[in-house]
Amino acid sequence: MTSPAPHAPEPATMPRARDIGRFAVRAEAKAVARFAAATGQPEARGRVTPTFPITWMTRPDIRAAIAAALPAEAGFALVHAAQEFRYDGALAIGKDYTLDLALEGPDARGLIRLRATLRADGCNEVLLTLDSQFILHPVGEAS
Amino acid sequence: MNASHARTPSVGPLALGPFDRAAVIAYAEAAGDDNPLHRDPAAARQAGFGDIIVPGMLLMAHIARLLEAMPSVAALHALNARFARPVLPGQPMKLSGHAVAQTPGPEPATILRLKLNGPDGLAVMAEAELHMHPV
């Protein structure tokens, strides 16, 4: 069967995942179109392209929740090490979803894992999971 | 009659990029990414890079685009990527890969192992799980 997938290595000891919030999100038509154009597929402006959901992670309230869950150490930046999208249903423009976020880490190597689970509003079925891995990187050093 | 799927034993090499600074900044704005490494050449140079760096997520979006455009692919079920090395504006890349698992039947599926290489070597390693069109 398959060789090991190219995920970032599992840390030996990752601090337990902690919930950092539930957020209401929606794929707005204008944002979807802008993202499609910026990713070389302007013709896809009428559908939610597979990596569009990453844009929710930069929303001010979601960023604030993530920052609040991280160690309060000055002089560090988050470097994106790995990313996964796993779909169990299609997303629609203008539909309301809930995004549950949980964060693990940092471990001894500075690895942080952010897990997001997306469901249609009021439904239990998971439509999408996002797994984002970051390295806490000292500011001023090249990644 | 048993359905079989269109085989996708290998991918590419497919050209990807190069991206100019304007494309990098347009993506950063569309994605809400305010990381100065993707927007400010001076900040990027101070961090040790020759120029702003292309966001890994922009590369991932294009990998998804290329996969979805393949005629045998019905849908992208999963995509994961590890960002190995920064890519700078103006650097051309090539995407290549091969199938590591295939599931026949009425709902065929394929797992592709992919590599995106730039002039400095491996930039992104990825794996895609694809729903295929039955043949």
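Only heavy atoms go into these numbers, but all of them, side chains included; no hydrogens, no water, no symmetry mates. Quick caveat, the model's predicted, so the values are computed rather than measured. In the text below, chain A, chain B and the rest are named by the order of the sequence lines, each starting its count at 1.
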- Query: Between Thr129(A), Asp131(A), Leu128(A), Thr51(A), which has the largest tally of heavy atom pairs under 4.5 Å with chain B?
  - Reply: Thr51(A)
- Are Leu14(B) and Leu130(B) in one and the same hydrophobic cluster, where Ile, Leu, Val, Met, Phe, Trp and Tyr link if side-chain heavy atoms are under 4.5 Å apart? yes
- Note on the structure: So, the part of Arg59(A) with a heavy atom under 4.5 Å from chain B: the answer is neither
- Residues Gly40(A) and Arg65(B): closest non-hydrogen pair is O-CD, 3.5 Å
- Item | Shortest non-hydrogen contact from Ala38(A) toward Ala26(B) | CB-O, 3.9 Å
- Query: So how far is it from Asp33(B) CG to His80(A) NE2, rounded to the nearest 0.5 Å?
  - Reply: 9.5 Å
- Exceeds 12 heavy-atom contacts within 6.0 angstrom, atom CD of Glu125(A): no
- Does the side chain of Asp34(B) come within less than 4.5 Å of Thr58(A)'s, by heavy atoms? no
- Query: Quick one: are Arg34(A) and Glu29(B) in side-chain contact, heavy atoms under 4.5 Å?
  - Reply: yes
- Flag the pair Phe85(A) / Asn80(B) as yes when at least one side-chain heavy-atom distance between them is below 4.5 Å, and no otherwise. no
- Task: Verify the cluster assignment for Val126(A) and Val25(A): are they in a single hydrophobic cluster under the rule of side-chain heavy atoms below 4.5 Å apart?
- Result: no
- What are the two closest non-hydrogen atoms of Ala31(B) and Phe35(A), and how far apart are they? CB-CE1, 4.3 Å
- Just wondering, do Asp88(A) and His77(B) contact through their side chains at under 4.5 Å, heavy atoms? yes
- Under 4.5 Å from any heavy atom of chain A - which part of Leu76(B): both
- Message: For the OG1 atom of Thr55(A) and the OH atom of Tyr27(B), what is their distance to the nearest 0.5 Å?
- Response: 8.0 Å
- Phe134(A)-Leu136(A) co-clustered via ILVMFWY side chain contacts under 4.5 Å: yes
- Message: Tell me whether the count of non-hydrogen atoms from other residues, nucleotides or ligands lying under 6.0 Å of CZ in Arg119(A) goes above 12.
- Response: yes
- Task: Would you indicate whether the side-chain heavy atoms of Glu127(B) and Glu84(A) approach each other to under 4.5 Å?
- Result: no
- Message: Run Gln41(A) and His62(B) through side-chain contact (heavy atoms from CB on, under 4.5 Å) and show every step you take.
- Response: CA-CA 9 Å; Gln41(A) 40 194 342; His62(B) 277 273; over 6 Å; no
- Task: Please look at Thr49(A) and chain B and tell me whether the side chain, the backbone, both or neither of the residue comes under 4.5 angstrom of a heavy atom of that chain.
- Result: neither
- Could you give the distance from CZ (Arg82(B)) to CD (Gln133(A)), rounded to the nearest 0.5 Å? 9.5 Å
- Task: Sort Ala64(B) into side chain, backbone, both or neither according to what part of it lies under 4.5 angstrom from a heavy atom of chain A.
- Result: side chain
- Task: Using side-chain contact (heavy atoms from CB on, under 4.5 Å) as the criterion, list what pairs up with Glu107(B), not counting sequence neighbours.
- Result: none
